[in-house]
Protein chains: 2
Amino acid sequence: MAAGLDEIDRRLLDELQHDADRTNAELAGLVGLSPTATLHRIRKLKESGVIRRIRADLDPALVGFPLKVYVTISLARHTPKFERTFYEALRAVPEVITADVIAGETDMVIVIAARDVPDLQRILLKLSLHGAQRITTFLHLEEIKPSAPLPVLRAPDET
Amino acid sequence: MAAGLDEIDRRLLDELQHDADRTNAELAGLVGLSPTATLHRIRKLKESGVIRRIRADLDPALVGFPLKVYVTISLARHTPKFERTFYEALRAVPEVITADVIAGETDMVIVIAARDVPDLQRILLKLSLHGAQRITTFLHLEEIKPSAPLPVLRAPDET
DNA sequence: GATGAAATAGCATTTGC
DNA sequence: GCAAATGCTATTTCATC
């Protein structure tokens, strides 16, 4: 836990992770502080980067992306330049929702949102052309737990 | 794409995915509509479930969760009751950030955020005790593309 | 350095068009 | 979908602990 986060900060973060669509006055009431103090705290949390952004979370199917797949990828080569170029390609493909380098049997895990199977095929082909090897796709079937907030309220040393 | 989303709706959704921390008046200016019309549209998008929620996106490391792992799991049994119980267990573990059923070599992919290695070990053990088998963990090393918004602006039939 | 109270400017929200 | 009007909020200023 970064230094300088007290109990009230953590409660604010918890509330904002669950629902940031509330007025400052309402949040102030929830944590028992004046609107002014609450405003100052939230501003600092944003400026320090603890809060990276406030964003709308959409229903993928309702906006035309019913297909979601996890894809593991190994790269064809492992030179720094090749890797950098491939990472840039990932960032440039809008249907690539997340991309992470991992340690394990494979090099990366990425998540792709697609409109339909041909759309998905087109995206995978594009990645392949950019130097992805051993591409393994796992089709998402069912969401058991959708993007839970980080459990910031639990004390750092509690088990 | 769900029926009833026109170009302006999609632009609003795109803006809100990138940054929902703006006033209604500002968004109205961006899409060239009056504040009233913008307010009505956004309210409808929320009520219809297209916008699931507005939330704060935190920096995991700065709030004490420097460790992130992808975990693939196969279940010990595949009876409906066993599955349901296991899914409930996943939802009850706060460090489990997402959990998806997938089609492929394994049954599920989950993402875990942990404070340190012992913390991670404790969580994995807990999942194991609940009936997870063939647990494979992939340690997250580097974020190449952090949670990009859905590309709602691209027309549904464009390639 | 952080908080609270009062004041102002701006916004969300409603009503009527 | 727009414009005007109202009530509320964010935000600043200033004082306090």
Side-chain angles (χ1 to χ4, degrees), chain A residues 1-59 62-64 149-157, chain B residues 1-59 61-64 149 152-156:
Chain A
M1 183 82 62
L5 289 184
D6 64 8
E7 180 63 25
I8 295 184
D9 285 326
R10 274 184 269 135
R11 281 174 59 194
L12 280 173
L13 291 173
D14 187 55
E15 294 292 343
L16 288 172
Q17 279 191 109
H18 282 91
D19 180 9
D21 197 12
R22 287 178 288 188
T23 66
N24 180 61
E26 195 175 346
L27 291 166
L30 282 172
V31 301
L33 236 56
S34 75
T36 310
T38 307
L39 200 70
H40 279 151
R41 278 172 180 266
I42 293 178
R43 184 179 301 165
K44 270 209 280 191
L45 290 170
K46 286 172 184 169
E47 282 169 358
S48 65
V50 173
I51 297 176
R52 290 204 283 207
R53 63 211 308 194
I54 309 287
R55 54 160 48 180
D57 177 29
L58 308 188
D59 184 313
L62 289 184
V63 292
L150 294 167
V152 292
L153 284 185
R154 214 196 59 192
D157 48 5
Chain B
M1 182 83 62
L5 288 184
D6 64 7
E7 180 63 26
I8 294 183
D9 284 326
R10 275 185 269 136
R11 280 175 60 194
L12 280 173
L13 291 173
D14 186 55
E15 293 292 344
L16 288 172
Q17 279 192 108
H18 282 91
D19 179 9
D21 198 12
R22 287 178 287 188
T23 65
N24 180 61
E26 196 174 345
L27 291 167
L30 282 171
V31 301
L33 235 56
S34 75
T36 310
T38 307
L39 199 71
H40 279 151
R41 278 173 180 266
I42 293 177
R43 184 179 301 164
K44 270 207 280 192
L45 289 170
K46 286 174 184 167
E47 283 170 358
S48 65
V50 173
I51 297 175
R52 291 202 282 207
R53 62 210 309 193
I54 308 288
R55 54 161 49 179
D57 178 29
L58 308 188
D59 184 312
L62 289 184
V63 292
V152 291
L153 284 185
R154 215 197 60 193

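Numbered from 1 within each chain, the chains take letters A, B, ... in sequence-line order.
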_Protein within reach of the bases, or only the backbone? For nucleotides 4-17 of chain C, mark each nucleotide 5' to 3' as B, S or -, using heavy atoms under 4.0 Å._
BBB----SSBB---
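Each of B:Asp6, B:Leu13, B:Val31 was evaluated against B:Arg41; a single residue qualifies, B:Asp6, per the side chain to side chain contact (heavy atoms under 4.5 Å, CB included) test.
Residues B:Arg55 and A:Gln17 share a closest heavy-atom pair of CB-O, 3.2 Å. For the pair B:Arg22 and B:Leu16, the tightest heavy-atom approach, listed with the atom from each and the gap, is NH2-N, 4.5 Å.
Atoms CD1 (A:Ile42) and P (D:dT9) sit 15 Å apart, rounded to a whole Å. One atom, CZ of A:Arg41, and another, C1' of D:dT11, lie 18 Å apart when rounded to the nearest Å. Atom CG of A:Leu5 and atom C1' of C:dA2 are 15 Å apart (whole Å).
For the pair A:Asp59 (side chain) and B:Arg52 (backbone), a donor-acceptor distance under 3.5 Å is absent.
One finds no salt bridge joining B:Asp57 and A:Arg53 here, because no Lys/Arg side-chain nitrogen approaches an Asp/Glu carboxylate oxygen to under 4.0 Å. A salt bridge links A:Arg10 to A:Glu7: at least one charged side-chain nitrogen sits closer than 4.0 Å to a carboxylate oxygen.
Under 4.0 angstrom from either OP1 or OP2 of C:dG1 there lies no side-chain N or O belonging to A:Lys44.
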